[in-house]
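Notes follow once the structure below has been shown.
Proteins get letters first, then strands, A, B, ... in listed order; numbering begins at 1 in each.
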2 protein chains.
Amino acid sequence: MSSAEAISGIKKQEDTNNALEQVQQLVETYPRVPITVDCVIFGFDNNELKVLLIRSDLEMFDGKWTLLGDFAHDDEELDDAAYRVLRERTGMRDVYLEQVKTFSKPHRHPGGRVITVAYCSLLNTEHHALNILDNELHWHTVKTACNMAFDHKEILDVCYKWLQKRMLEHPLGLNLLPEKFSLRELQNLYEAILDIKLDRRNFRKKFFSMDFLIDTGEYEDDVHHRPGRLYRFDFDKYSQNKKKWTGIEF
Amino acid sequence: MSSAEAISGIKKQEDTNNALEQVQQLVETYPRVPITVDCVIFGFDNNELKVLLIRSDLEMFDGKWTLLGDFAHDDEELDDAAYRVLRERTGMRDVYLEQVKTFSKPHRHPGGRVITVAYCSLLNTEHHALNILDNELHWHTVKTACNMAFDHKEILDVCYKWLQKRMLEHPLGLNLLPEKFSLRELQNLYEAILDIKLDRRNFRKKFFSMDFLIDTGEYEDDVHHRPGRLYRFDFDKYSQNKKKWTGIEF
DNA sequence: ATTCTGTTGTGTTACTTTTACACTTCTATT
DNA sequence: AATAGAAGTGTAAAAGTAACACAACAGAAT
């Protein structure tokens, strides 16, 4: 390396350092806000859609219910924070989790400005025993959820609508059922979440024609009538063949 | 009021104050993060989808393009911040604006941790002259957008996908056209944004059957061939009759 | 074992929606 | 007057959706 090149190298390094300092100083001037994540964890049990709630810790919200939330740690991506909350509260990993919306009304938190990012998760209540029952953690029927702290009712409503819509486009609901399920269970799930009645034959036809159900050859055995066949969902086949959206309809 | 009631009232007030202090102290302990909004402002011109970009101010991103962004003010709801950015940059109010997604990778901003919330806006390039041309504000073709600062390319990509999907469910695209438009312009818009070819007859049939187009009786006059009829979109009728989603398809 | 009850499992028809496709009308240009 | 280029229109085949009834089966009660 020539000395001219070396000098030029040093110059460049200095420029980079200066540029970095400039950006860092700029960011210093930004107002800072506490960020939390709130997890709306849906489950399905007894033919009803449920959501995990706990009692608020805060005196101010005495007796009210809240979603599972926590502030985001330094240098923690919000997706990771949501997974962490889920893990800390339910002991579960590898469940479906998706960012839904950010809520930022200036006075949504009485303790000062706090912005929260809502995440949705869906899990099978049977497979996910609630190990940590602090704060009366429990599955609450979504339809009757009320008396909630902060703007958590609004967040729940938005997430519920989100779920209803996504259910029609993606087989999210299957995360709410056991690995093996009967078509009746599947239909109950759709009827409960979408809050509509569906024709049984057309429902079956629809799902069979999509060709993502694998017949396990097994039958229900915990039921007091003719047992239905049990199916698994073929997630691999689904991810290869999922429908591309082309039609304009509004 | 009895003195017992008065005392009880004072007691309650004290409790409330204590409770409030408790919450405020709690929020004090949360880590704080700078929040910005970034606006992805789409326009349509010359049969191409465009997006508003400016040159980065930062030495570090010399020559790179960025979305229109700004940090959120204290006690400013993020929706309002996005509208403010839009107003400050384009002088426009009353345009469509929607929150899309929050981006929070810890090192997405070189100056330290910054979380950003992306908003999408669609506007008609003809009706929205760019008054403020600082930082080389200009309409950039979406397809060729690259060399962007921060994670703005990723944000743009996410918003573009979001737009493509929403276009099929809601008449968002009409915010990109003049108030009166021909069916050819409308089809060009859909073809450009969705990046597909559509059958002209079926496209017309589809839109006429939806019955949201109002025939103005006028014709194009800036065109070197047989002029097409001009239509307006009936937003009122649309908002009353918009399709409810029921079918399961994935 | 017989009967009763409730659920599973299946097929057809009418209707609606989507797709594919070609020719005439109209305006501006030459 | 001829030409070029886009507007405007209809139909038939195919696919998908919606409505609807009855036999097979398992468990429970008798």
Side-chain angles (χ1 to χ4, degrees), chain A residues 46-47 167-169 171 177-178 180-192 194-232 241-250, chain B residues 46-47 167-169 171 177-178 180-192 194-232 241-250:
Chain A
N46 207 326
N47 282 347
M167 281 273 291
L168 300 173
E169 303 178 353
L177 288 177
K180 298 173 185 178
F181 53 85
S182 68
L183 276 175
R184 165 54 57 186
E185 290 177 287
L186 187 60
Q187 188 175 339
N188 283 344
L189 176 75
Y190 272 86
E191 290 186 341
L194 301 176
D195 202 23
I196 52 175
K197 281 282 162 214
L198 296 165
D199 180 272
R200 195 160 53 90
R201 277 168 292 187
N202 292 337
F203 182 84
R204 299 170 76 90
K205 223 183 309 171
K206 183 82 192 175
F207 267 85
F208 286 136
S209 78
M210 289 190 302
D211 206 27
F212 295 135
L213 296 181
I214 303 168
D215 188 343
T216 64
E218 297 170 54
Y219 291 84
E220 295 176 293
D221 60 358
D222 53 350
V223 103
H224 290 275
H225 52 74
R226 176 176 176 180
R229 293 176 96 87
L230 296 175
Y231 298 86
R232 280 183 298 113
N241 301 6
K242 62 181 144 189
K243 177 168 172 176
K244 290 138 207 93
W245 301 92
T246 46
I248 300 156
E249 347 184 18
F250 50 80
Chain B
N46 207 327
N47 282 348
M167 281 273 292
L168 301 173
E169 303 177 356
L177 288 177
K180 298 173 186 179
F181 52 87
S182 69
L183 277 174
R184 164 54 57 189
E185 289 176 288
L186 187 58
Q187 185 174 343
N188 283 344
L189 176 74
Y190 272 86
E191 290 185 340
L194 300 177
D195 202 22
I196 52 176
K197 282 280 163 216
L198 295 165
D199 181 273
R200 195 159 53 90
R201 276 168 294 186
N202 293 337
F203 183 84
R204 298 170 77 90
K205 221 184 311 169
K206 182 83 194 176
F207 267 86
F208 287 136
S209 76
M210 291 190 302
D211 206 27
F212 296 133
L213 296 181
I214 302 168
D215 187 345
T216 64
E218 297 171 54
Y219 292 85
E220 295 175 294
D221 61 358
D222 53 349
V223 102
H224 291 273
H225 51 73
R226 176 177 177 180
R229 293 178 96 85
L230 295 176
Y231 298 87
R232 280 184 298 113
N241 301 7
K242 62 182 141 189
K243 175 168 173 177
K244 291 140 205 93
W245 299 91
T246 48
I248 300 157
E249 348 185 15
F250 50 79

Please assess B:L230 against B:E220 for the test side chain to side chain contact (heavy atoms under 4.5 Å, CB included), listing each intermediate value before the final yes or no. CA-CA 6 Å; B:L230 295 176; B:E220 295 175 294; 3.7 Å; yes

Residues A:D211, A:N241; criterion side chain to side chain contact (heavy atoms under 4.5 Å, CB included); working and verdict: CA-CA 10 Å; A:D211 206 27; A:N241 301 6; over 6 Å; no

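Distance B:F207 CZ to D:dT9 C1': 18 Å, rounded to the nearest Å. Taking atom CZ of residue A:R204 and atom P of nucleotide D:dT17, one finds them 18 Å apart after rounding to whole Å. B:N188 has its CG atom 11 Å from the C1' atom of D:dA6, to the nearest Å. Spacing between atom CD1 of B:I248 and atom P of D:dG16 amounts to 16 Å, rounded to whole angstrom units. Between B:M210 atom CE and C:dT17 atom C1' the separation is 14 Å, expressed in whole Å. Computed from coordinates, the A:L198 CG to D:dT17 C1' distance equals 13 Å when rounded to whole Å. For the pair B:F203 CZ and C:dT18 P, the interatomic distance rounds to 14 Å; values are reported in whole Å. In this entry the distance linking CG of A:L230 with C1' of C:dT7 reads 14 Å, nearest Å.
Here the nucleotide nearest the side chain of B:D199, chosen from D:dA7, C:dC21, D:dC20, is C:dC21.
Residues B:E249 and B:Y231 both approach DNA chain D. Their nearest nucleotides, taken by heavy-atom distance, put B:Y231 toward the 5′ side.
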List every contact pair, protein side and nucleotides 11-14 of chain D side both N or O, where the distance is under 3.5 Å.
residue: D:dT11; atom: O4; partner: B:K205; partner atom: NZ; Å: 2.9

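A:F203 contributes atom CZ, which lies 6.5 Å from atom CG of A:L198 (distance to the nearest 0.5 angstrom). Atom CD1 of A:I248 is separated from atom CE of B:M210 by 7.0 Å, given to the nearest 0.5 angstrom. The distance from atom NZ of B:K180 to atom CD1 of B:I214, rounded to the nearest 0.5 Å, is 11.0 Å. To the nearest 0.5 angstrom, B:E169 atom CD is 9.5 Å from B:K243 atom NZ.
Side chain of A:E185 to backbone of A:S182: a donor-acceptor contact under 3.5 angstrom is found.
Across A:Y219, A:F208, A:F181, A:F207, a single residue satisfies ring-ring contact (aromatic ring centres under 6.0 Å, His included) together with A:Y231, and that is A:F208.
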Can you build the contact string for nucleotides 21-29 of chain D? Use B for base contact, S for sugar-phosphate-only contact, and - for no protein heavy atom under 4.0 Å. B--BBSSS-

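Shown here for B:D199 and B:Q187, the closest heavy-atom pair between the two residues is C-NE2, 4.1 Å.
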